Amino acid sequence: MFKEMNDLFQWAWLIPFLPFLSFLLIALVTKRSKRLSSTISILAILTSFGLSIAIGLGVIQSGSQIVENPVLTTVNWLSIGGLHIDFGTLIDPMSAMMLFVVTLVASMVQIYSIGYMHGDPGFSRYYAFQSLFAASMLGMVLATNLLQLFIFWELVGLCSYLLIGFWFFKVSAREAAKKAFITTRVGDFGLLLGILFLYNTFGTLDFYGPGSLSVQMATSFHDFVLIGGVSYLTIMAILVFIGPVGKSGQFPLHVWLPDAMEGPTPVSALIHAATMVVAGVYLVARMFFLFDNASPFALQLVAGMGAFTAIFAATIAIAQDDIKRILAYSTLSQLGYMMFALGVGSLTASMFHLMTHAFFKALMFLGAGSVIHALHHKQNIWDMGGLWKKMPITGTTFFIGVLAIAGIPPFAGFFSKDEILLAAYHGHPIIFAVGLFTAFLTAFYMSRLFFVAFMGEEKPENHPHESPWVMTLPLIILAFFSVVGGWVALPEHNFGYFVHYGEFHHESINWMIATISIIAGVLGIGLAYITYVTRAIKAENVVARFPGVYKLLKNKYYIDEIYLWFIHKVMDGIVAKVLYWFDLYIVDGIVNGLAALTRGSGRALRRTTTGQMQTYALVFFVAIVVIYLVFALGEGQLSALNPAAMLGGVK
């Protein structure tokens, strides 16, 4: 059976190749035909989705064998001297789960986009970028080594730039694309340094196999302490983690993700909710053996950064009014959840929440797109109201997403969030408290969005209508997975099978933690209900009582303003001026000094090269005289030093 599955796994390379092929076809052949471009792109990703399902079933049928021995299919890409780099595919339970999630969400988004992007002049270009992104993300998931992963990691960043700035005629979209690209490059620089350190130390970048990073760290590598008591592996782990900080929007490199909402809403559903932003979480999970073998500080940093990001973004979301930005800050908060789950040692909980979050967050982003489409691009929730009656499918499916992210059973988010809180509860009380309070805030601000937009007072100037079936069908499918996606956590469908490390994992639901989590979610929903539906508590009175807090949250803690101040006042005002002075007077001074010396020497030598015979004869005569005097004086000095001469000629 395992041999038969191996034969199936050999074809995994087709999963990223088919979307890439569709990108080439659209870009080079069909870009003038909108219908043909979308058809090619959707058929390619649906085929990849089918292959992903087949591989997932093959992983399940392979049992424990593939857990202990991931299937590697490689070909040599580069061999120069001692440098040997392979490219290929890695199939294990984690990559199989990621393939399913990415292809499912990408398929739904591309089908949905037929309706949302209808009539857009860049329709074919949009589908070309979507296909290239899907190929890049899938290639990253299947990577067998860090170099291959880094190449696709950068391609994912490029596609993000192209899709965020898709409407390049809008200044805000262009600026958001540049902001995303530059901010994530800061994190990628740290990741690249980590990769170089790892290769310099271990001589390989392979994840698994003979002599790979995981094998060497577990068997033959003896870590050593650097200055300050920090181990060498810890330094490498921190450098690698900087990449996910940028890509997965962890504080302080989170500022790009909310602005990325300038792209088309389906782009937000695909890239900034379900796939690209979780690339950093996936990288930490894939390299978990590095963090596990480093000093405890490495995982403590991951946990602390994730917990802070979770509550930091959740508090900002409370005061936002743009429907997409509320979802964006919700995404940041949930990414923090996934990160601190890794930090407390539970790969299972983190990957589980990554999967369920992809379902319900993609659902809510597409639901937001349905609303924006119906209201002719209105995005402020206070300009909405009463939408549930006019848009029953969008409203119902969006409500399912709200209940899922709030952690209400039996929806998917309940199971994965419970797993994270349970992991934090064992030995990490502060992080557990932060996670629980964040769960309360999440239920509150997501319910606030729903009650205001879908149950609030109707606006007579609005004339909403339900979206066409090509947009509502993906909503229904994602809503289905948002309901049943968490059931794999039940004992008979143990999700712990999908990862292969011995980290903490609970075999069944802990009802004490689950009850506390449910209470937090219900309290959040209840507070939003009495504030925005019954208005027993008036939001404007709370704002009036705490204007400073509201202004702080509304302006996102002024992080963007702090960055702008630092760039303009410190970098441009001080650092740039110092570097300008150094370049002008030190660097240019040395270069110009050498040039002046050369010029002066040339000017002096030029006087001896006149082309006149008299001058050359004079130079020749002077040279003979000088040589004669040198030898004469030299002979006289030697004679003066002769011992016989010193003795007066006595023999």
Side-chain angles (χ1 to χ4, degrees), residues 116 160 163-167 170-180 183 248-274 276-277 309-336 357 360-373 375 377-385 387 398 401-402 405 438 441-454 456 528 532 539 543 549-561 563:
Y116 190 88
S160 175
L163 286 166
I164 294 170
F166 178 77
W167 288 321
K170 294 170 56 179
V171 175
S172 57
R174 295 201 303 266
E175 295 302 312
K178 288 191 292 184
K179 186 176 183 179
T183 305
S248 292
Q250 301 298 288
F251 180 88
L253 298 180
H254 67 283
V255 292
W256 68 269
L257 198 146
D259 287 3
M261 299 301 110
E262 291 292 335
T265 304
V267 170
S268 303
L270 176 67
I271 296 184
H272 307 113
M276 172 192 163
V277 291
T309 301
I311 194 168
F312 172 82
T315 55
I316 294 176
I318 292 172
Q320 301 305 306
D321 299 325
D322 185 295
I323 187 171
K324 288 176 67 176
R325 287 182 180 268
I326 295 171
L327 294 175
Y329 281 105
S330 170
T331 298
L332 286 172
S333 183
Q334 298 304 304
L335 289 168
H357 175 263
F360 56 72
K361 185 55 64 65
L363 166 64
M364 287 189 287
F365 263 113
L366 294 184
S370 181
V371 170
I372 294 168
H373 181 264
L375 298 181
H377 299 285
K378 287 185 179 179
Q379 294 187 197
N380 192 308
I381 59 174
W382 300 105
D383 294 333
M384 304 173 188
L387 298 178
F398 198 98
V402 170
I405 198 172
T438 302
L441 292 177
T442 301
F444 172 76
Y445 66 71
M446 291 307 305
S447 300
R448 167 182 176 264
L449 186 162
F450 182 80
F451 292 146
V452 171
F454 289 90
Y532 298 101
V543 171
V549 175
Y550 175 76
K551 189 176 181 182
L552 184 67
L553 299 180
K554 181 75 172 176
N555 290 281
K556 304 161 288 187
Y557 293 98
Y558 297 98
I559 300 298
D560 287 279
E561 288 77 6
Y563 280 161

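This structure is a prediction, so every number in the text was calculated from the model and none was measured.
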Visitor: How about NZ on Lys170, more than 12 heavy atoms from neighbouring residues, nucleotides or ligands closer than 6.0 Å, or not?
Guide: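 Yes, NZ of Lys170 has more than 12 neighbouring heavy atoms, counting only those of other groups under 6.0 Å.
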Visitor: Heavy atoms, side chains only, cut-off 4.5 Å: are Leu552 and Tyr557 in contact?
Guide: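 Yes; the side chains approach each other to less than 4.5 Å.
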Visitor: Can you find a pair of side-chain heavy atoms, one from Phe166 and one from Val267, that are under 4.5 Å apart?
Guide: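 No, side chains not in contact.
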Visitor: Does Thr315 reach the main-chain N or O of Phe312 with its side chain, forming a donor-acceptor pair under 3.5 Å?
Guide: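 It does hold such a pair.
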Visitor: Which heavy atom in Pro266 sits nearest to a heavy atom in Leu366, and how many Å separate them?
Guide: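 Taking Pro266 first and Leu366 second, the nearest heavy atoms are CA-CD2, 4.1 Å.
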Visitor: Any idea how Phe251 and His254 line up, ring-wise: parallel (<30°), tilted (30 to 60°), or perpendicular (>60°)?
Guide: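 Answer is parallel, since the angle falls under 30°.
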Visitor: Looking at every heavy atom in both Pro264 and Leu163, which two are closest together, and how far apart are they?
Guide: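 The pair with the smallest heavy-atom distance is CD-O, 3.6 Å.
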Visitor: In chain order, what residues pass the side-chain contact (heavy atoms from CB on, under 4.5 Å) check against Ala314, with sequence neighbours excluded?
Guide: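 Once residues adjacent in sequence are excluded, the partners of Ala314 under the side-chain contact (heavy atoms from CB on, under 4.5 Å) criterion are Ser333, Thr438, Leu441, Tyr445.
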Visitor: Please assess Thr265 against Tyr116 for the test side chain to side chain contact (heavy atoms under 4.5 Å, CB included), listing each intermediate value before the final yes or no.
Guide: CA-CA 8 Å; Thr265 304; Tyr116 190 88; 3.0 Å; yes
Visitor: For Val549, check side-chain contact (heavy atoms from CB on, under 4.5 Å) against everything at least two apart and list the hits.
Guide: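 side-chain contact (heavy atoms from CB on, under 4.5 Å) check on Val549 returns Phe546, Leu553.
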Visitor: Within the structure provided, determine whether Thr442 and Ile405 are in side-chain contact (heavy-atom separation under 4.5 Å).
Guide: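 Yes - at least one pair of side-chain heavy atoms lies under 4.5 Å apart.
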Visitor: Checking Lys324 side chain against Met261 main chain: does a donor-acceptor pair fall under 3.5 Å?
Guide: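 Confirmed, Lys324 side chain pairs with Met261 backbone.
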Visitor: Do you know which two heavy atoms are closest between Leu335 and Val277, and how far apart they sit?
Guide: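 Looks like CD2-O, 3.6 Å.
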Visitor: Is the shortest side-chain N to carboxylate O distance from Asp259 to Lys179 below 4.0 Å?
Guide: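 Judged by the 4.0 Å cut-off on N to carboxylate O distance, Asp259 and Lys179 do form a salt bridge.
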Visitor: List the residues meeting salt bridge (Lys or Arg N to Asp or Glu O under 4.0 Å) with Lys178, not counting sequence neighbours, and say none if there are none.
Guide: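 Here the qualifying residues are Glu175.
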Visitor: Is a side-chain N or O of Arg448 found less than 3.5 angstrom from the main chain of Ile318, in a donor-acceptor match?
Guide: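 Yes: the side chain of Arg448 pairs with the backbone of Ile318.
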Visitor: Contact between Gln320 and Lys556 at the side-chain level, heavy atoms closer than 4.5 Å - yes or no?
Guide: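 Gln320 reaches Lys556 side chain to side chain.
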